[in-house]
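Here is the structure we will look at.
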Amino acid sequence: MATGGGSVWVPLSCALAVAAIGCGGNPPAVFVGESAHFRLYVDPALMPLPAAFDGDNALAALETEWADVATMLKTPDCKITYYWYTPEHIGIACDDTTEGGCTKEAEMEIDAPLLPDAHELNHAYTYLRSPRRPVPFLAEGMAEAIGCGYEAPIPAPFDADWREAIVELRSDKVYGLGGLFVRQMIRRYGIDDFLRYYEQSPERRDPALFAANFESFWGVALDDLWADFTTVVPGVPFVDQKICPCSLPPITPDADVVTDPARVPYWTLPDVGDGTLAFTAGRYQAASVRSCAGDTDAVSGKAVMTRLGSGAGWYVMAPLAAVQTGAFVAERCADATHYTLSPDVLVGNPYLTVTIPATQASTVYLAIDVPFPLDGMKVAGADAVCPTCDFDQNACRTLTRTTTTPVTGNFYARLQYDSSDSEREYGVVATQDLTFSR
Amino acid sequence: MRDRSRRTLALAVFAYGAVTSGAAWGEEGGRVHQGRIVRIAAGPTYLHESWHPSAGTGDAVHTGWGPALDVTVGKFVRPRLVLAGSVQAAAIIDRDETTLGMTYALDDTIHFVDTLAALVDFYPDPARGLHAGGALGLAFVTEVDTHMGGSQTSWGPVAALHVGWERFISRRWSAGGMFRLSLYHYGTDTPPPEAASNGLLVTVLFAFTYD
């Protein structure tokens, strides 16, 4: 939430004091340090911080977020005072026990239970760009629009009237419909045009004025666009996740993966041409390959194989155990690069996910090496499973997707992809899973 | 006679009695306002304001209630004629907006309509206390969103008609009531698009006049 209300003034002398605890009216917080764009205080109840955020890492995480989002918002330089509180203390800091975080814009202060908190940071960034107060539908929508990672946006009640959301202050309609509206607008018109619109939008909660201003700016009626934004195309999944700037460097395949979530919370995907990227998650973790535009379902699994050409428009979350490139997803069985299954594959969900672009009809092959003893392990999800590339032999007959096939060692899997017309029209990537069980 | 008819008759008799007794008091006391006068009035007001954006998108109608305060300072330039300046402030709280057939409550908003006008008030028979007149001036319309903290003021012409009645309650003070219709018009261009608004304020005032 963004507020224009008063905030706690943290005197410089207090900020510089050792363990500056209890200054002002906010709950006690320890001054951790200062970076180019942030002055950080942390709730003592959160101390000691986990290693990933200890020392300079918390400030580094904030600076990484700033730099990433600044590629979209072109945020002017300024210093934000960031209070990282436990959820229990947020209500006191925000002067509202129902709040989950707040941005005191006039003081450029954030009180948040997360670090970095993309929602509250977006409030601060947009206010820094233009110190004005668009209606909550737009302001909260903008805060809900940009973010990278697992945090799903607040769901939009589809059957609700957007005009009701314009007049409301805090509700699922404001956050849900506002977020949906802003994300769809950014996808359709681009961030620069949307920001121009945002920064001239009404500062009064008046549905008729909002509609007229929208049509005046864009030359199209919001009702028409709204119908488009909320239409579910049969056969095409409706996906509306947050938009990630995707400005961080691409991951380097076949090299050691450095785990530094403060400075590298995600990697973009490199261009591997016709090759496949194979991501392997760490022990008891899952890899998650996500769409930068937030308009495609994330591809998750213990192992994720993607053959997405240039990789543009995709990112993968940290941490990862390994990333390899090769012909892991091959048109011919004999060409398939062998992928070594992780020993903890059975605790993944899903286990091994394979994604290629939308296709009318494609057959691909995987070569799976199993370096650990098998004890009655079965695999399902493939069109055929075979110990060799000779899929013509009887033992390698065509299976249904749910048929489980015992495997006794290394094996090859054949996958069939067949996207519908609408999936091809909308470019829905084709994903299939191999599941393993005993 | 049915109860309803009986009540109507009783009300009419009471109203007539009140007017004639007031007039009689004025006649008996021979007291009329003269010279400089100050009138302070307050009461409820009802707003009906239409909003028309230039782009041809959906119009809107705003309606709502609020308090009004009026201060008039003037002078009898003739025995029956007052020329005055009048300031009226009206605050419509949490008005409704109707657009495209749907009505939305604009909670936490105040719509101020403040007018500054030159006023003419005519007393056909000063001793009876009846008076009527009109005003021309400027209306300053301010939109306040108490949650958002923002406000925006526009202005335009206003014309008003009123009718009232008063009776003396002391040597220099009279008390009475007034009914006022105010019509105003203003335009806005921020935020775009340009838009025109036409408003009607219907105000019932309880007035105290001093000379």
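Here is the naming used below: chain letters follow the sequence lines, and residue numbers restart at 1 for every chain.
A:Glu105 and A:Arg133 are joined by a salt bridge, as a carboxylate oxygen and a charged side-chain nitrogen come within less than 4.0 angstrom of each other. A salt bridge links A:Asp111 to A:Lys104: one of the charged nitrogens lies within less than 4.0 Å of a carboxylate oxygen. Ion pair A:Glu140/A:Arg170 not flagged as a salt bridge, since none of the NZ, NE, NH1 or NH2 atoms sits closer than 4.0 Å to an Asp/Glu carboxylate oxygen.
Using cut-offs of 30° and 60° for the angle between ring planes, the A:Tyr197 and A:Phe214 rings count as perpendicular.
Contact count against chain B (heavy-atom pairs under 4.5 Å) is highest for A:Arg204 among A:Arg204, A:Glu215, A:Glu203. Chain A forms the most heavy-atom pairs under 4.5 Å with one residue out of B:Pro192, B:Ala195, B:Ser54, and that residue is B:Pro192.
Only the backbone of B:Ala105 comes within less than 4.5 Å of a heavy atom in chain A; its side chain stays farther off. Contacts between B:Pro193 and chain A at a heavy-atom distance below 4.5 Å involve backbone atoms as well as side-chain atoms.
Side-chain contact of B:Thr209 with B:His33: a donor-acceptor pair under 3.5 Å is absent, judged by distance alone. Using a 3.5 Å distance cut-off with no hydrogens or angles, the side chains of B:Asp96 and B:Thr98 do not pair a donor with an acceptor.
Of all residues spanning residues 180-196 of chain A, none has a heavy atom less than 4.5 Å away from chain B's heavy atoms. Taking 4.5 Å as the heavy-atom cut-off, the residues of residues 58-69 of chain B that approach chain A are B:Gly58, B:Ala60, B:His62, ordered by number.
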Set out, in order, the CA-CA distance, both residues' side-chain angles and the distance that settles side-chain hydrogen bond (donor to acceptor under 3.5 Å, both in side chains) for B:Tyr104 and A:Asp161, then state yes or no.
CA-CA 11 Å; B:Tyr104 304 91; A:Asp161 177 3; 2.5 Å; yes
Evaluate the ring-ring contact (aromatic ring centres under 6.0 Å, His included) criterion for residues B:Trp155 and B:Tyr186: first the C-alpha distance (whole Å), next the side-chain angles of each, then the deciding distance (0.1 Å), finally the verdict.
CA-CA 5 Å; B:Trp155 59 276; B:Tyr186 66 95; over 10 Å; no
Extract all donor-acceptor atom pairs below 3.5 Å that involve side chains of residues 205-212 of chain A and protein atoms in other chains or at least two apart in sequence.
| unit_1 | atom_1 | unit_2 | atom_2 | d |
| --- | --- | --- | --- | --- |
| A:Arg205 | NE | B:Asp145 | OD1 | 3.4 |
| A:Arg205 | NE | B:Asp145 | OD2 | 2.8 |
| A:Arg205 | NH1 | A:Val167 | O | 2.7 |
| A:Arg205 | NH1 | B:Asp107 | O | 3.4 |
| A:Arg205 | NH2 | B:Asp107 | O | 2.7 |
| A:Arg205 | NH2 | B:Asp145 | OD1 | 2.9 |
| A:Arg205 | NH2 | B:Asp145 | OD2 | 3.4 |
| A:Asp206 | OD1 | A:Ala208 | N | 3.1 |
| A:Asp206 | OD1 | A:Leu209 | N | 3.1 |

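More than 12 non-hydrogen atoms from other residues, nucleotides or ligands lie less than 6.0 angstrom from CD of A:Glu199.
In this view, A:Ser130 satisfies the side-chain hydrogen bond (donor to acceptor under 3.5 Å, both in side chains) rule with no residue, not counting sequence neighbours.
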